[in-house]
Chemist: 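Before anything else, here's the structure in question.
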Protein chains: 4
Amino acid sequence: MANDLQKPAKMRRQPKQVRSQERVQSILGVAEQLFIESGYDQTTTRAIATRAEVPIGSLYQFFPDKEAILKALANHYFEQEYHLFVKLHTELAEAPIAVYVDRMVDAFDQFATDHPGYRAVLEQLIDLMVVADINTLDTYDPQIIKELAHFLEQRNSSLDSAKCELIATTIVKAVNELLWLSFTRDQIFREQLLAETKTLITAYLQTYQI
Amino acid sequence: MANDLQKPAKMRRQPKQVRSQERVQSILGVAEQLFIESGYDQTTTRAIATRAEVPIGSLYQFFPDKEAILKALANHYFEQEYHLFVKLHTELAEAPIAVYVDRMVDAFDQFATDHPGYRAVLEQLIDLMVVADINTLDTYDPQIIKELAHFLEQRNSSLDSAKCELIATTIVKAVNELLWLSFTRDQIFREQLLAETKTLITAYLQTYQI
Amino acid sequence: MANDLQKPAKMRRQPKQVRSQERVQSILGVAEQLFIESGYDQTTTRAIATRAEVPIGSLYQFFPDKEAILKALANHYFEQEYHLFVKLHTELAEAPIAVYVDRMVDAFDQFATDHPGYRAVLEQLIDLMVVADINTLDTYDPQIIKELAHFLEQRNSSLDSAKCELIATTIVKAVNELLWLSFTRDQIFREQLLAETKTLITAYLQTYQI
Amino acid sequence: MANDLQKPAKMRRQPKQVRSQERVQSILGVAEQLFIESGYDQTTTRAIATRAEVPIGSLYQFFPDKEAILKALANHYFEQEYHLFVKLHTELAEAPIAVYVDRMVDAFDQFATDHPGYRAVLEQLIDLMVVADINTLDTYDPQIIKELAHFLEQRNSSLDSAKCELIATTIVKAVNELLWLSFTRDQIFREQLLAETKTLITAYLQTYQI
DNA sequence: TATGAATGAGACTTCATTCAT
DNA sequence: GATGAATGAAGTCTCATTCAT
């Protein structure tokens, strides 16, 4: 199920009107762009409002503060990412591991392409938590890791649940890092790195007879 | 040889006197702490100066601006990291791959323990470059990757130089990410993750008969 | 028509409300005083805001930076000065030259009395342009000179347009300088200098049968 | 005799050694350039010292503060200007007025060319005095005006001393202003303005049968 | 005497957020 | 509800001048 961090304090009110819906989307879209271009700290709420053609006062009706915009984006990403995995695992429950890894990495790559702000948002979110001395896990429940662990457990029932979560964590983190890196390079290197990522994860999973 | 990004404009002058040396060290040490605690943007130059017990004017005598402090730290890290690798490769030129990976990951772990600001500094450095639209590679030449690639080439001469660099990149990025993650968790998980990282890299390198 | 240097970037927004109008006026008035008392560079934006009883943030809402305050004052002066001349020339189109000069110098004198900051502002404006390596004429179009040249051409049609502009420039600069000087002296000297200025300009214009 | 404001507090010590002499000259020369380029306030004492290749500490041995550099330059100018007039008046005691004006304006023009910082320095000096609420005349004794007044008195003994001083003031100020203006324009306009200045002053002096 | 590292008040400007309209 | 003018704490960095060496 999707992370429901969303309700607590992110939205001051449910956008009921079409206008509001559009504005919220516009704000999030613009914020994503600006966070990528200039970083979270260097992006002003006024800049977001201006570029989104939304009055600054309205922005604060939808989001109680700047952080809420970041969190809304993060949840957006988390949800999409989670659904991606669920779909993948349903389709590839029985597939050979090499095929699974191939499809999974490609899916992640597509996701990163579709959501260029993912990395910037995630990083900043973690920063905020470190600064606030909040354990990341308490607040941002990594659903994808849980989901992947579950998948692994089904493929090799001799692995216990804790071990699977460890493996899943390892995979998710490594893949995310390498994918992000691939986006900072030229197309050729990017494709090579993608292939390499697949090799890395496949070799790793074979160790566990998955 | 060590990365010499250092000279360009990091130090406004070479600290010639002991007092200055101490002050520079103090500033860097304090900055590292504060960047970890609160992040680069949230750390004020005044806070650094105050905690380092150095007048703000003196801080600006050593570093032309806030960014220079970040870069000085980064170079510090890069140099240490590079030397660590060189030493490792000398010692383990002939070691079995499992042993090499074991020692390498442990060394990185030790490095991360000794330099807790490494991650925060590196991330911010990349952010600055993205914002300034500078290619990371043009400015920060990743010496460790070059060094590791060289090592791999020597262990399996059938791999060409480009391939080795690709593999090295993959390893360095994955290991750094997983190690950093391990520091945000409790001791038990931390150790498990360390072991898992070794498994991951070992499996990967075996693919290449290294 | 009045100089419209004004719009380009002087005002961040058009003050629509009475409160804002008053604040802008207050800021300009206070700035004028302080520029006279201490010079432009020595006048801090905070001092202006404080004396004008306007929060510093509001000051920056009306004027993007310190320079904009200077430019707003300058345009204020330029416009008034220009209107003064137009009025004068309409009234004295047929007057004997001695009468014209008498009235003109008096009018300038009155203007200088009413706008004691004129000199300080103009000087600083020119300084800024010199430093920025901007040709004064490109930016600050001296409408008064044009207007006076036009008047002269009408009084003696045998003088060509270029010559008239040259004469006008000579007059405007000389009169301004002598008037400004007169303000730094005691009342007696001041009046003598005023009379002398009239003599100077009258003698000059008689040379050209104007 | 030259203005001797100089001794009171301008020089901390008489440069007795060649090295010191050179340094003082270098400082003054550099200061003149920088004051022209960037204005007095924007010129830092460190910039002067650096460009003059003199240690900042040494600069403060020669000049007690920044203002002293300005005053030293001013006195330099005043002296030169005064000598120029004395020489001129000796040579042209009997010359027809048109010739005298011609030579005088040319001489001033040459002076301005040789001392491009004259205007900037004089203006700043006056500013400082206004700010310090010091009457310009108390401190900067305008020797050239006195000298010119004396010359005029000799040419038309029916004019009393006060009147001559008034006329001299008028001339000196008007000529200086117009010459300075001429330097901000292209060569063609510059020469026309020079000619016009001569016309202006000649017409004026003829009024007094000088 | 000569040097230049050291000092810290203070300059300009920004920005998240509020709240009266 | 919608708006955007208003706020002022706080940030980065500069610079004239001193004084220990």
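Convention: sequence-line order gives letters A, B, ...; per-chain numbering from 1.
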Chemist: How many angstroms lie between atom CD of D:E32 and atom OH of D:Y77, to the nearest 0.5 angstrom?
Modeler: 3.0 Å
Chemist: Can you give me the dot-bracket string for DNA chain E, 5' to 3', counting Watson-Crick and G-U wobble pairs with both distances under 3.5 Å, using [ ] for crossing pairs and | for partners on another strand?
Modeler: .||||||||||||||||||||
Chemist: Test the A:K66-A:Y60 pair against the cation-pi criterion, namely NZ or CZ under 6.0 angstrom from the six-membered ring centroid and within 45° of the ring axis.
Modeler: no
Chemist: In chain order, what residues pass the side-chain contact (heavy atoms from CB on, under 4.5 Å) check against C:R51, with sequence neighbours excluded?
Modeler: C:V30, C:Q33, C:L34, C:E37
Chemist: Quick one, C:Q42 with D:D127, criterion side-chain hydrogen bond (donor to acceptor under 3.5 Å, both in side chains). Give me CA distance, side-chain angles, the key distance, then yes/no.
Modeler: CA-CA 11 Å; C:Q42 299 307 319; D:D127 271 18; over 6 Å; no
Chemist: Taking 4.0 Å as the cut-off, does a side-chain nitrogen or oxygen of D:T43 come that near to OP1 or OP2 on F:dC15?
Modeler: no
Chemist: Please state how far atom CG in A:D41 lies from atom P in E:dT14, giving the value in whole angstrom units.
Modeler: 17 Å
Chemist: Among F:dT12, E:dT3, F:dA2, which is the nearest nucleotide to the side chain of D:R19?
Modeler: E:dT3
Chemist: Indicate yes or no: at least one non-hydrogen side-chain atom of A:S58 is less than 4.5 angstrom from one of A:R19.
Modeler: no
Chemist: Take atom OH of B:Y60 and atom C1' of E:dT7, then tell me their distance rounded to the nearest Å.
Modeler: 15 Å
Chemist: For C:K66 and E:dC12, give me the distance from atom NZ to atom P, rounded to whole Å.
Modeler: 5 Å
Chemist: State whether the side chain of B:T50 and the backbone N or O of B:R46 hold a donor-acceptor pair below 3.5 Å, judged by distance alone.
Modeler: yes
Chemist: In whole Å, what is the span from the CD1 atom of C:I27 to the P atom of F:dA5?
Modeler: 14 Å
Chemist: Please check this pair: side chain of D:Y40 against backbone of D:E67, looking for a donor-acceptor N/O pair closer than 3.5 Å.
Modeler: yes
Chemist: Closest-nucleotide mapping onto DNA chain F: is B:G57 or C:G57 further toward the 5' terminus? I mean the 5' end.
Modeler: C:G57
Chemist: Just how far, in rounded Å, is P of E:dA16 from CD1 of A:I56?
Modeler: 8 Å
Chemist: For E:dT1, does OP1 or OP2 lie under 4.0 Å from any side-chain N or O of D:Q61?
Modeler: no
Chemist: Identify whether any heavy atom of D:T50 sits under 4.0 Å from a base atom; if not, whether one sits that close to sugar-phosphate; answer base, sugar-phosphate or nothing.
Modeler: nothing
Chemist: I'd like to know if the side chain of B:T43 reaches the main chain of B:G39, judged simply by a donor and an acceptor atom lying under 3.5 Å from each other, with no hydrogens or angles considered.
Modeler: yes
Chemist: Hey, does the side chain of D:R23 come within less than 4.0 Å of E:dT3's phosphate (OP1/OP2), counting only N and O?
Modeler: yes
Chemist: When you get a sec, tell me which of E:dT7, E:dT1, F:dT3 is the closest nucleotide to the side chain of A:S58?
Modeler: F:dT3
Chemist: B:T45 side chain: which of E:dG8, F:dA6, F:dT12 is closest?
Modeler: F:dT12
Chemist: Closest to the A:D65 side chain: F:dT17, E:dT7, E:dT17?
Modeler: E:dT17
Chemist: Check the distance between E:dC12's P and D:Q42's CD and give it to me in whole angstrom.
Modeler: 10 Å
Chemist: Over how many whole Å does the gap from A:L59 atom CG to E:dC15 atom P extend?
Modeler: 15 Å
Chemist: Do the side chain of D:R46 and the base of F:dT14 come within less than 3.5 angstrom through a donor-acceptor pair of N or O atoms?
Modeler: no
Chemist: Provide, to the nearest angstrom, the distance between the CD1 atom belonging to B:I69 and the P atom belonging to F:dT12.
Modeler: 9 Å
